[in-house]
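A short write-up of the structure that comes next.
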Amino acid sequence: MAVHDGTGVKRAGTMLGLWRDVRVQRFLFQVLFAAAVIVVGYILATNLTRELGNLNLEAFPFVNVSGSFPFINLTPSFLEQRAGFGIQETSFGTEYSANNSYGDAYVIGLLNTVRVAVIGIALATVLGFVVGVSRLSANWLVSQVAMLYVEVFRNIPLAIQLIFWLTVVVLRLPRIENAPEFGGFAVVSNRAIAMPWATTGDGLGVWLLLLVVAAVAAVGVYRYRARSEERTGSPRHPAWWALATFSVIAVGSFYIAGAPLGFDRPALENRRVMGGLSFSPEFIALLIGLVVYTGTFIAEIVRGSILAISKGQSEAAAALGLSTVQRLRFVILPQAMRIIIPPLTNQYLNLTKNSSLAIFVAYPDIFKVASISLNQTGQAVPLIILVMLTYLTMSLLTSLVMGIVNRRLQVPT
Amino acid sequence: MTVLSRPAATITLRTARRWAYENLFSSPANSVLTVLTLLVIGVALFGVLRFAFFSAEWEVIVVNRRQFFVGRYPVEEVFRAWIVVFMISGMAGLSLGLWSKPGVRTAAALGILLIPVFLFIRGGEVAALTAGAVGLFVLSHVAARAVVEWRENVDLLRTLTIVSWLIAFLVAMFILGEVPRLLWGGLLLTMILAVAGIVLSFPLGILLALGRASTFPVVRIFCVGYIEIIRGVPLITLLFMAQFILPLMIEPERSISALGFSVPITGYEMDNVVRALAAVTLFSAAYLAEVIRGGLQAVPRGQVEAAKALGLSTTTILALIVLPQALRAVIPSLVGQFISLFKDTSLVAIAGLTDLLGVTRTVTAQQAFIGKQAEVLLFAALLYWIVAFSMSRASQRLERILGVGER
C-alpha cells in the first residue's frame with residue numbers, strides 16, 4: 001500500500017520482464033488483495049452457514065437463492081411470526097401487543113429509538129450551547145461550574161451514568177400513591193412522569209390553515225410599516241404591528257374554528273396517571289443520561305469554535321456598541337456555527353448510536369427488541385444485520401440533513 | 001468575551017475585593033447570576049456532603065473491595081496484579097519525569113483523587129503495597145528528573161521508554177495470563193481490555209488509514225467500506241456479533257472445506273474475553289483510522305517528494321517520513337480516542353463479563369446490600385473517572401509539550 005502514487009513510467013525499448021512494469025505490479029497486487037478478501041470471506045461464510053445449518057437456521061434469509069427475481073426477501077419468514085412478548089412502551093400512538101409479529105415489534109423498537117434520539121438531540125443541543133457559552137462567561141463562578149460539569153460527566157462511561165439515573169434518581173422518586181401533582185402541571189413519581197399536553201379537536205386543520213393566513217398577513221403588515229418607516233423616517237414599529245396582526249387573527253380564528261386545541265393536564269386517578277403526556281422512568285433515565293453525556297461534548301465543541309473566532313470580531317462588535325448578548329447573537333455565533341456544524345453532526349450520530357445503551361435501563365429500543373427476538377428465535381445473523389442496516393440508514397439520514405444545514409450556513413458566495 | 005483571570009497569588013483584602021468585583025459582580029445581571037450559581041452550588045454541595053458522610057453506608061464497598069479491583073481473580077494469585085501495578089507505577093513515574101517538568105499541581109491533584117480509594121483499604125499488607133507503589137512512582141520520577149538535569153539529550157532514553165512500555169505490556173499479559181481469562185474481572189479486566197484494545201487496534205487503524213489513502217482502488221474501497229460501516233453502527237451491535245456470530249465463523253468443526261479443498265483445523269475456542277476484545281478492537285480501529293487519516297493529510301506533499309528524490313523506497317518513506325509526522329500531528333485526538341475506548345469497554349458487561357461495570361451489577365444484586373446502588377455506582381464511576389481524567393490531562397500536557405500545530 002502506498003500513500004503516494006509511484007506512477008510507473010514504462011521505459012520504452014528496454015527488455016524488462018512484464019512483472020517489472022509498475023502498472024502490472026499494481027494490477028496484480030489488487031487482484032491478490034481482492035482474492036484474499038474473497039477467500040477469507042467465503043471461508044467465514046461457509047463456516048457460518050454450515051454451523052447455522054446444524055442449528056436448523058438459515059444464515060441469510062434475506063437472500064432468496066432458489067426463488068425468483070429480485071432474489072431478495074424483504075421480510076424473512078421469522079419476522080412474520082407471533083412475537084409473544086410484550087412491550088410496555090410505544091411511541092407516536094402506535095399500538096402493540098404480544099400477538100403482533102416480530103416485524104411489528106421491531107418497528108415499535110425503531111420508533112422508540114427515534115423518539116428518544118430526536119428529543120435527546122434537541123435537549124442536548126440546548127444544554128451544550130448554554131454550557132459552552134457559560135464556560136467562556138466573564139463570571140468566574142459560572143465558568144467554573146460549567147467546567148466542573150463538563151469534566152465530571154465527560155469522563156464517566158455512559159452506561160454507568162444511565163444505570164445511576166435510573167436506579168438512584170428516577171426510581172427513587174415518590175411512589176405513585178403520594179406523588180406530588182404540582183397543581184396539575186406535572187406528576188412526578190417513580191412509575192410515570194407526566195406533563196401537560198395539548199389535545200386536538202375537529203377544527204384543527206381549519207385553524208392551522210388560518211394560522212398560515214395570519215402569518216402571511218403579519219408579514220405583509222411588517223413590510224408595509226417598515227417601508228413607511230423608511231420613507232417617512234418616523235418610527236412605525238413594524239414588529240409590534242406584525243405581532244398584533246398575527247395574534248388577533250390567530251386568537252379570533254381559534255374560536256371560529258371551535259377551539260380545536262385543548263390543554264390537558266395530568267392527574268392521578270386510582271394510582272394511574274391520566275391525561276397529559278406521560279413518560280416512563282426508563283425513558284426519562286435514558287433521556288437524561290444521553291442529554292447530560294452528549295451535552296458535555298457539544299459544550300466543548302461550542303467553546304472551541306467560539307475561541308476559534310478571532311478576538312478582533314468581538315472587539316469590533318463591542319466598539320460598535322453591541323451588548324454581550326448581541327455580540328454573541330449577531331457576530332460570534334453566526335461565524336462559529338460554520339465551525340460547529342460538522343463536529344456537532346458527529347455528536348448527533350453518537351447520541352443516536354448511544355441510545356442503543358437503552359438495554360442497560362430496559363428501555364425497549366430497537367436493540368433491546370432485537371435482542372429479545374434473538375433470544376427467542378436464535379436468528380442472530382439476520383437480526384444483527386437488520387439492526388446494523390437500520391443504524392446505518394439513520395446515520396446516513398442525519399448526515400444528509402446536517403449536510404444541507406451546513407451548506408446553508410456557509411459564507412454565501 | 002472577557003478572558004477570565006485567576007485569583008491573584010497574593011490575596012490581600014483589596015485585591016480580593018477587586019477580583020470579586022471584576023469577575024463576579026461586574027454588572028447587575030452578573031451579580032444575579034453569581035448569587036443564583038452560589039445557591040445551586042450550596043444546595044448541591046450540601047446534598048453531596050450529607051450523602052457521603054451521613055446517609056451513605058460504605059460498608060458495601062469495603063466488603064467487596066477486592067471484587068471492584070480484580071473481580072474473581074484468585075486471592076493467592078493477586079500478587080501477579082501487584083507485580084504489574086509496581087511495573088506500571090515505576091514506568092509511569094519514569095515517563096512523567098522524562099517528558100514533563102515536575103508538576104506539583106498534578107501530583108497534588110492525583111493524591112487528592114486517590115484519597116477516596118485509600119479510605120477503602122483494609123489490612124496492613126495492602127496499605128504497605130500501595131504505599132510501595134506510590135513510593136516507586138515518586139522515586140522513578142525523581143530519578144528521571146535527575147537524568148534529565150544531568151544529560152541534555154534524552155531522546156535515546158525516551159525511545160527506550162516507549163519500547164519498554166510495549167515490552168511491559170507483553171510481560172504483564174504473560175504474568176496475568178497464568179490465571180484463566182474467565183476469572184479476570186473488575187478494574188483489572190477493564191484495564192486489560194482497554195490497553196489490549198489500544199495496542200491491537202492501533203496498528204490495524206494505521207493500516208486502514210493507509211489503505212484509505214492508497215492509490216489502489218480495490219484496497220481503498222475495501223478500507224472506506226469497513227471504516228464507514230463500523231462507524232455507522234453502535235459498538236453494542238458489534239459485541240453481539242462477536243458473541244453470537246464470530247464463534248460460528250471461526251470455530252469450525254475440525255475442518256473447513258472451501259473450493260473443493262478440505263483443510264483440517266483445530267477449532268479455536270474463543271472465550272467471552274477474547275470475543276469482547278475482538279469487537280472492541282475492530283470497532284476502535286475504524287475510529288483510529290479516521291484520526292490517523294487526518295494526520296496523513298497534514299503531512300506536506302513536499303516531504304514525500306523530497307524523500308523520493310533522495311531515493312527512499314515507499315516503505316521507508318512511510319515508516320520514517322510520513323507516519324512519524326502524521327501521528328505526531330494527531331496525538332491529542334489519538335488520546336481522546338483511547339479515552340473513549342476505555343469508557344466503551346464498560347459495554348462488555350452486557351456480554352456477561354464482570355468488568356468494573358459488571359461488578360457493580362453483581363454487587364448490587366447481593367442480598368446484604370439491596371438498595372445500595374448509589375454507593376456502588378458512585379465508587380465505580382470514581383474509578384473510571386480517575387483513569388479517564390488523568391488520561392485527558394496527560395493529553396493536554398502532551399499537546400503543550402509537543403507544540404502541536406507548530407513545526
Side-chain angles (χ1 to χ4, degrees), chain A residues 1-6 26 29-31 33-34 37 39 42-48 50-52 136-143 145 151-152 154-161 163-164 167-168 306 311 314 332 349 353-354 356-357 359-360 367 371 374 380-381 384 387-388 391-392 395-396, chain B residues 1-2 4 23-24 26 30 33-34 37-38 40-41 207 210-211 213-219 222 229 232-234 236-237 240-241 244-245 248-250 252-253 256-259 296 304 314 317-318 322 339 343-344 346-347 349-350 357 360 364 373-374 377-378 380-381 384-385 388-389 392:
Chain A
M1 272 169 278
V3 173
H4 282 287
D5 189 354
R26 285 170 58 85
F29 178 80
Q30 295 189 61
V31 168
F33 183 84
V37 170
V39 167
Y42 180 79
I43 291 175
L44 295 181
T46 336
N47 280 341
L48 185 63
R50 196 191 48 235
E51 296 283 317
L52 285 175
L136 297 167
S137 165
N139 189 316
W140 182 80
L141 210 55
V142 171
S143 70
V145 169
E151 291 295 356
V152 166
R154 193 174 55 161
N155 287 318
I156 298 173
L158 176 60
I160 284 236
Q161 294 189 36
I163 303 174
F164 185 87
T167 59
V168 179
I306 290 178
K311 211 167 148 55
S314 177
I332 305 296
L349 296 177
K353 284 180 280 173
N354 280 337
S356 61
L357 297 195
I359 198 162
F360 282 100
F367 185 77
S371 74
L374 195 157
V381 181
I384 290 176
V387 172
M388 285 184 159
Y391 277 110
L392 278 174
S395 301
L396 211 65
Chain B
M1 294 286 122
T2 330
L4 35 119
N23 294 296
L24 299 177
S26 57
N30 228 341
L33 213 57
T34 301
T37 316
L38 272 177
V40 172
I41 294 175
L207 283 183
L210 291 177
S214 151
T215 52
F216 299 125
V218 175
V219 178
F222 175 80
I229 289 176
V233 301
I236 221 166
T237 56
F240 258 55
M241 200 164 154
F244 292 105
I245 302 183
L248 301 179
M249 282 181 167
I250 55 179
E253 302 169 323
I256 42 172
S257 29
L259 309 168
L296 289 177
V304 180
T314 313
I317 295 177
L318 272 184
V322 175
I339 295 175
K343 286 184 293 176
D344 283 341
S346 60
L347 299 193
I350 60 150
L357 180 63
T360 67
T364 46
Q373 287 100 342
L377 287 170
L378 283 175
Y384 273 117
W385 188 83
F389 183 71
S392 81

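Order of the sequence lines sets the chain letters (A, B, ...), proteins ahead of strands, with each chain counted from 1. Just so you know, these numbers come straight off a predicted model, no measurement behind them.
- For A/Leu141, the parts sitting under 4.5 Å from any heavy atom of chain B are the backbone and the side chain alike.
- Residue A/Leu374 touches chain B through its side chain alone, counting heavy-atom pairs closer than 4.5 Å.
- The two residues B/Val218 and A/Ala34 make their nearest non-hydrogen contact at CG1-CB, 4.0 Å.
- B/Pro234 is not listed as a side-chain neighbour of A/Phe367, based on a closest heavy-atom distance of 4.5 Å or more.
- Between chain A and the residues B/Ala349, B/Ala388, B/Ala380, the most heavy-atom pairs under 4.5 angstrom are made by B/Ala388.
- For chain B, the option among A/Leu349, A/Leu357, A/Asn354 with the highest count of heavy-atom pairs below 4.5 Å is A/Leu357.
- Both the backbone and the side chain of A/Phe164 come within less than 4.5 Å of a heavy atom of chain B.
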Checklist line | Step-by-step side chain to side chain contact (heavy atoms under 4.5 Å, CB included) determination, A/Phe360 to B/Leu347 | finding: CA-CA 9 Å; A/Phe360 282 100; B/Leu347 299 193; 3.7 Å; yes

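- The CE atom of B/Met249 sits 12.0 Å away from the CD1 atom of A/Ile43 when rounded to the nearest 0.5 Å.
- Atoms CD1 and CH2, from A/Ile156 and B/Trp385 in turn, are 8.0 Å apart once rounded to the nearest 0.5 Å.
- Residues B/Thr215 and A/Arg26 form a side-chain contact, since some pair of their non-hydrogen atoms from C-beta on lies under 4.5 Å apart.
- Using a 4.5 Å cut-off between heavy atoms, B/Ile41 touches chain A through its side chain atoms alone.
- Here the shortest heavy-atom pairing between B/Gly232 and A/Leu392 reads CA-CD2, 3.7 Å.
- Taking the six-membered ring wherever Trp is involved, the centroid distance between the rings of B/Phe216 and A/Phe33 does not fall below 6.0 Å.
- Minimum interatomic distance between B/Thr237 and A/Met388 (heavy atoms only, all atoms of both residues): OG1-CE, 3.8 Å.
- The most heavy-atom pairs under 4.5 Å with chain B, out of A/Ala159, A/Ser371, A/Ser356, come from A/Ser356.
- When each of B/Thr360, B/Ile236, B/Thr37, B/Thr364 is checked for heavy-atom pairs under 4.5 Å with chain A, B/Ile236 comes out on top.
- The distance from atom CD1 of A/Ile160 to atom CG of B/Leu357, rounded to the nearest 0.5 Å, is 5.0 Å.
- B/Val40 places none of its side-chain heavy atoms less than 4.5 Å from the side chain of A/Val145.
- Nearest heavy atom pair, residue B/Phe389 against residue A/Glu151, reads CE1-OE1, 3.5 Å.
- For chain B, the option among A/Leu396, A/Ile384, A/Val387 with the highest count of heavy-atom pairs below 4.5 Å is A/Ile384.
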